[in-house]
Amino acid sequence: MGGATKSILIVPFFGQGHLFPCAELCKHISSYNCNSIFIIPSHLSSSIPSDLHHHPSIEVVRIESSAETPPPDATHGDWPAPGPHHHHQLGQGIESFLSRRFENAQPAFVVMDVMMNWSKHIFKKANIPIVSFFTSGACATAMEYAAWKAHVDDIGPDPARMLPGLPESMALSYSDTRRRDRRRHELGGGRGRGRGRGRGGKGSDGTNLGPPRLGQHTRWMDETEGSTALLINTCDGLESPLLKYLTVQAEMPVFGVGPLLPGTFWKSIGSVVHDRDSRPGRETNYTEDEVIQWLDSKPGSSVIYVSFGSEVGPSMEEYDELAEALVATEKSFVWVIQPGAGRPGPPASLFGERAMSDSKKGGYEPCGLEERVGNRGLIIKGWAPQLSILSHPSTGGFLSHCGWNSTMEAIACGTPILAWPIRGDQFYNAKLVVKYHHVGHMVPGIDDPLEMVKKINIIQGINLLMDDGEVHYRATALRGIFDGGYPSSSAASIKALVELIS
Ligand SMILES: *[C@@H]1O[C@H](CO)[C@@H](O)[C@H](O)[C@H]1NC(C)=O
Ligand SMILES: *[C@@H]1O[C@H](CO)[C@@H](O)[C@H](O)[C@H]1NC(C)=O
Ligand SMILES: *[C@@H]1O[C@H](CO)[C@@H](O)[C@H](O)[C@H]1NC(C)=O
């Protein structure tokens, strides 16, 4: 290719759902004659995929951060980012790294997770072009914007409101506009952690009240102001009309660069993925081999996989209903229970080891469940090899909160989804899955944010999903867009990005 090798900075956000996609993006960018510099706070350096450390054109730079960052006070702090003091320390670390390292030649650009908005001024000051990266899908970003433009406050109970420029199936419903985080009522007044995935408008108490109100910008418009381009963890095959919509509206290049799944996934398309290499050092009480052996003993498409990811989940009471539903369905299941599950507040994993071990006390415990279901259920405490489970032929459905990462993993494995969204963007992801692609169902009754989800709803949902041949057929068909590996449209986007900036 010739020419000088360019340096590109990548600044991920701290959550696990953000680190991994950023790390994969780093690898993709590095294949275009670029050196990627992955900037992380030092306390996270053990949580990134190990192959990043050995990659010839990727450098991992650890910025000193105090490991003893206290979990933020429930009423202040910008969750999930640990408080202003932490920002200040990290910010200084990044600045001094930049001035040490780039005395003469500037980096070509910085790819910044939109949730790192607080660090934007550092790169602006250094005159480094900023490319904003969304680990979430195009649908949430586009729907928020469209809702803002359409003044959703005018929407009544019926019918759903078509949003100009967006597919009919993504029409905004009354409940979309009235929605609050499902967990909000439980968290109580001002304690609601509205930051969520940075979605939607803020109420006077700072909580997330669903789409922005009249005349109120969506958060991402602020966060991407002055950016050169937007990168989104999606691809044409999944969200083409939504990407096109954003390109028109944002008035800057918008590139779909996903799905940013681990390299092991692309290498084992069509067979069971082995997750362990890309996910070092996670605590769990079953090995990947044990999980696969258990799945091997079950008939094809017979197992429902239940997991809410590491950042959000149902309430304690809803976990009880879920346990009773799993007993009652008589279907085989794998249920992953994260440490601290059912407890309100931000995930402890963001605040270092000490908060992690504190959070293990008092999470949901499925007391006596194992005895009641016997070998029909596998209950995993801690981390689960999600891609192995989703890609296993015995798995026939996924009860999921529809976090974007989990949504893409399910789609890429051809596993239909039973959607139980908890907060902002997850409702839009669920709409994409259920209404646009028809590869899943909603848990019945989920649209009412004030009602908790009941055992009967969950049983209905599981039966609906597992017994629906049509949905299974469509999920298999949609998976076909990844038969050739990492999408060529996304590879072309990364190439175009590198060319655009140089
Ligand atoms: C993002 O950062 C800019 C300054 O760099 C600030 O003006 C803006 O308010 C921030 N936006 C959000 C949503 O935090
Ligand atoms: C996606 O989320 C699941 C559940 O939180 C986690 O197990 C998995 O490692 C994540 N994958 C990526 C690529 O971040
Ligand atoms: C793993 O943890 C779950 C939930 O606490 C428990 O039901 C199960 O028996 C544990 N399995 C093993 C092998 O320790």
Side-chain angles (χ1 to χ4, degrees), residues 11 13 76-81 83-84 87-88 90-91 94-95 110 112-134 136 141 144-145 148 193-203 206-208 212 216-228 230 282-294 306-308 313 316 319-320 322-323 326-327 332-343 359-385 389 424-425:
V11 183
F13 179 68
H76 300 101
D78 185 23
W79 180 69
H87 286 177
H88 183 70
L90 272 179
I94 295 174
E95 263 180 291
V110 55
M112 183 192 296
D113 190 311
V114 286
M115 289 188 67
M116 292 298 281
N117 186 57
W118 64 265
S119 69
K120 205 159 81 178
H121 66 277
I122 300 169
F123 300 96
K124 278 200 162 151
K125 204 165 94 189
N127 260 323
I128 303 170
I130 297 171
V131 172
S132 299
F133 174 51
F134 293 80
S136 52
T141 313
E144 276 172 9
Y145 186 87
W148 167 69
R193 293 250 158 223
R195 184 68 179 89
R197 204 359 238 108
R199 293 297 161 199
K202 276 188 154 194
T207 49
N208 190 336
Q216 188 178 35
H217 274 205
T218 66
R219 194 165 188 129
W220 72 260
M221 292 165 70
D222 258 2
E223 289 167 337
T224 59
E225 215 216 302
S227 296
T228 305
L230 307 185
R282 304 290 192 77
E283 264 187 58
T284 178
N285 69 355
Y286 286 98
T287 66
E288 181 177 24
D289 289 334
E290 285 168 336
V291 175
I292 292 178
Q293 265 168 31
W294 185 90
V306 181
S307 174
F308 290 92
M316 285 290 183
Y319 271 111
D320 283 330
L322 175 54
L326 289 171
V327 171
S332 296
F333 65 88
V334 176
W335 186 11
V336 183
I337 303 175
Q338 303 269 352
R343 297 198 334 172
S359 78
K360 279 176 194 150
K361 301 168 198 139
Y364 177 76
E365 281 289 342
C367 296
L369 180 64
E370 206 166 47
E371 290 70 39
R372 291 168 72 194
V373 298
N375 188 43
R376 180 162 69 79
L378 185 75
I379 304 162
I380 303 177
K381 186 97 193 175
W383 181 78
I389 297 169
D425 61 317

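Please read all numbers here as calculations on a predicted model, not as lab measurements. Counting convention: from 1, in listed order, for ligands and their atoms alike.
For the side chain to side chain donor-acceptor pair (under 3.5 Å) condition, the pairs that include at least one residue of residues 368-380, sequence neighbours left out, are Trp294-Asn375, Glu324-Arg372.
The contact shell of ligand 3, taken as protein residues with any non-hydrogen atom closer than 4.0 angstrom, comprises Asn285, Tyr286, Glu365, Glu370, Ile379, Lys381.
A donor and an acceptor atom, one from each side chain of Thr224 and Ser132, are nowhere located under 3.5 Å apart.
In terms of modelled atom types and a separation under 3.5 Å, the side chain of Lys381 and the main chain of Glu283 share no donor-acceptor contact.
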* To do: Would you sort out whether Leu369 and Val327 count as a side-chain contact (heavy atoms from CB on, under 4.5 Å), showing the intermediate values?
  => CA-CA 8 Å; Leu369 180 64; Val327 171; 3.3 Å; yes
Take Lys125 and Glu95, measure what salt bridge (Lys or Arg N to Asp or Glu O under 4.0 Å) needs, and give me the verdict at the end. CA-CA 10 Å; Lys125 204 165 94 189; Glu95 263 180 291; 2.7 Å; yes
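Ring planes of Tyr319 and Phe308: perpendicular class, angle over 60° (limits at 30 and 60°).
The shortest N or O to N or O distance between His121 and ligand 1 is not below 3.5 Å.
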